[in-house]
Structures are given as structure tokens and as C-alpha cells.
J.: 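I have a structure I would like to understand better, so I am pasting it below and will then ask my questions one at a time.
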Amino acid sequence: MAMLPGWNSLEAVGSIGHSLHMTAMMVLALLVVAEGLALVYDDRKYALVGAAERETIVSRDQEGLAVTERHHNEIAALQREFKEAQRQEASLRLTTIGQQALLDAVSPFPGQQIEIVSMLGDPAGQQFANDFASVAQQAGWNATRINEAALATNPSGIEVLYREPPVGEVPPPALAALVDVLMDLHILPARSVTICEEVASEVIRLMVGTRPATAELHSSISQKGPPSRPADSEVRNGVQHSGYVP
């Protein structure tokens with residue numbers, strides 16, 4: 001102990017002791033402050049951790065909602081496509097009511113000759129052709145067979161084809177009646193017929209394609225009145241189109 005500074009001096013011992021007491025109190029105060037700050041920072045750390053976890057949960061929830069909404073939209077799109085496919089397929093079929101409406105419309109014209117052509121390998125078109133042939137035969141039309149052809153191009157939906165009559169003659173009323181009822185049944189998009197020089201005279205040809213028809217592929221017809229010949233005719237895929245107008 002004699003080696004400690006001021007060990008043998010009363011004044012030095014008192015001064016050094018007092019200094020050490022003050023130092024100890026300052027260190028103790030620093031410890032208290034440090035512990036308090038440590039508790040504050042611990043609380044802040046836990047608060048930040050909680051906020052980060054909440055943000056992560058919110059982000060995951062938003063991602064989950066986005067995925068759910070995307071799946072919902074995809075399912076809704078598939079359902080719309082399925083309904084559209086069903087509608088298009090239904091447009092190539094004759095219901096019992098449709099068959100009766102067709103029979104009532106064409107029965108007043110017995111003896112009318114009709115050719116029914118469907119795409120080879122198209123079951124829906126062949127079924128429609130069979131349905132229509134059955135109704136046509138019941139109505140007394142001359143529809144003795146159904147031709148399945150491997151055509152170079154797919155016809156668009158249901159097309160009614162007819163040879164342009166000579167000048168001064170009008171198409172038979174059976175043609176107009178057929179087009180009207182097909183339009184009423186939503187099988188044809190417009191009251192129209194396609195002029196085809198390959199069809200025999202006074203013969204109606206019904207072409208059953210693979211998808212619904214569009215009005216742009218047809219020319220208008222009328223129930224009465226002589227046909228007028230347009231200045232220009234449109235040749236599309238080897239078939240000549242010209243219009244009948246009232």
C-alpha cells in the first residue's frame with residue numbers, strides 16, 4: 001500500500017479519496033444512463049422489427065390478392081371463351097324449336113332442290129348438316145344426300161350459295177324463306193346469300209363451315225323484284241359474288 005500515490009500524506013489521501021468517490025459516482029451515473037438508453041434502443045429495435053414484419057405481411061397479402069385477382073381474371077376469360085365456343089357451336093346446331101321453325105318456313109316450297117356440303121372431319125358441321133337434311137326431307141325438299149368435302153379453304157360458318165339467275169328472273173321464294181329463317185335462328189348474321197356460278201341452276205347449296213359467318217362475306221338478296229347486276233363483281237377464292245337488291 002505504501003507504493004500508492006500520497007499514501008503517507010493526509011492531505012493527498014483525502015483529495016485522492018474524494019476524487020475516486022466522484023469518479024465512482026460518475027461511472028455509476030453513466031451506467032444508469034447507458035442502461036436506460038439500452039432499454040430505449042431495445043424498444044426501438046423491437047418496434048422496427050414489428051413494423052418490418054407488418055410491411056412484409058402487407059406485401060405478401062397484396063401479392064396474394066394480386067395473384068388471386070389474376071387467377072380470377074384468367075378463369076373469367078376462360079369462362080367467356082368457353083361460353084363463346086358453346087354459342088358458336090350452338091349456332092351450328094338445330095334445337096327442337098329451331099327444327100320446327102325451319103320446317104314451318106320451308107314447307108310451303110316442296111320440291112326445292114338443295115345440296116348440303118360440310119367440311120370433312122368436322123363433326124359439328126356434319127351434325128348440323130344431318131339435322132338440316134332431316135328437316136328439308138320432311139318439308140318435301142329434294143335433299144337426298146350430304147356431301148363431305150375436303151375443301152381448300154374453310155368456309156365461314158353457314159353459307160347459303162346460289163347461282164345468279166338470268167337477267168329478268170328472280171330467285172325462288174324458297175331461297176328467301178330459307179335465308180330469313182336461318183337469320184331468325186341466328187345461324188346467319190345477316191339476310192344474305194353468296195352468289196356462286198359453280199352451283200347448278202335453281203339449286204340451293206348450303207355450306208356448313210367451322211366458324212360463324214360474317215356479313216362481309218355475303219351479298220344481300222330480296223324476296224321479289226328482278227336482280228340488278230353491279231358494275232363490279234368481287235371474286236373471292238374462286239367464287240364470284242354479286243348482289244341482289246330490291
J.: Could you pull out every donor-acceptor pair under 3.5 Å between side chains of residues 52-70 and any protein atom, sequence neighbours left out?
T.:
from	atom 1	to	atom 2	distance (Å)
Thr56	OG1	Ala52	O	2.8
Thr68	OG1	Gly64	O	2.8

J.: Can you name the side chain to side chain contact (heavy atoms under 4.5 Å, CB included) partners of Gln112, sequence neighbours left out?
T.: Trp141, Pro172, Ala174, Ile204

J.: What's the separation between atom CG in Leu182 and atom CD1 in Ile187, rounded to the nearest 0.5 Å?
T.: 5.0 Å

J.: Report the distance from atom CD of Glu159 to atom CZ of Arg205, rounding to the nearest 0.5 Å.
T.: 11.0 Å

J.: side-chain contact (heavy atoms from CB on, under 4.5 Å) with Ser201: which of Glu164, Glu169, Arg163, Gln113?
T.: Arg163

J.: Using atom types as modelled, flag every donor-acceptor pair under 3.5 Å from a side chain in residues 17-45 to any protein atom, sequence neighbours excluded.
T.:
from	atom 1	to	atom 2	distance (Å)
Ser19	OG	Ser15	O	3.0
Thr23	OG1	Ser19	O	2.8

J.: To the closest 0.5 Å, what do you measure between CG (Leu161) and CD1 (Ile195)?
T.: 8.5 Å

J.: Glu202: which residues meet the side chain to side chain contact (heavy atoms under 4.5 Å, CB included) condition with it, sequence neighbours left out?
T.: Tyr162

J.: With sequence neighbours left out, what residues match Asp104 under side-chain hydrogen bond (donor to acceptor under 3.5 Å, both in side chains)?
T.: Gln100

J.: Working to the nearest 0.5 angstrom, can you tell me the gap between Leu102 CG and Phe132 CZ?
T.: 5.0 Å

J.: Who passes side-chain hydrogen bond (donor to acceptor under 3.5 Å, both in side chains) against Ser107, sequence neighbours left out?
T.: none

J.: Can you find a heavy atom in the side chain of Val203 that is under 4.5 Å from one in the side chain of Asn142?
T.: no

J.: Look up atom CD1 in Ile158 and atom NE2 in His186, then write down how far apart they are to the nearest 0.5 Å.
T.: 15.0 Å

J.: Which distance, rounded to the nearest 0.5 Å, do you find between the CE of Met207 and the SG of Cys196?
T.: 7.0 Å

J.: Donor-acceptor pair, Arg191 side chain versus Asp180 backbone, under 3.5 Å?
T.: no

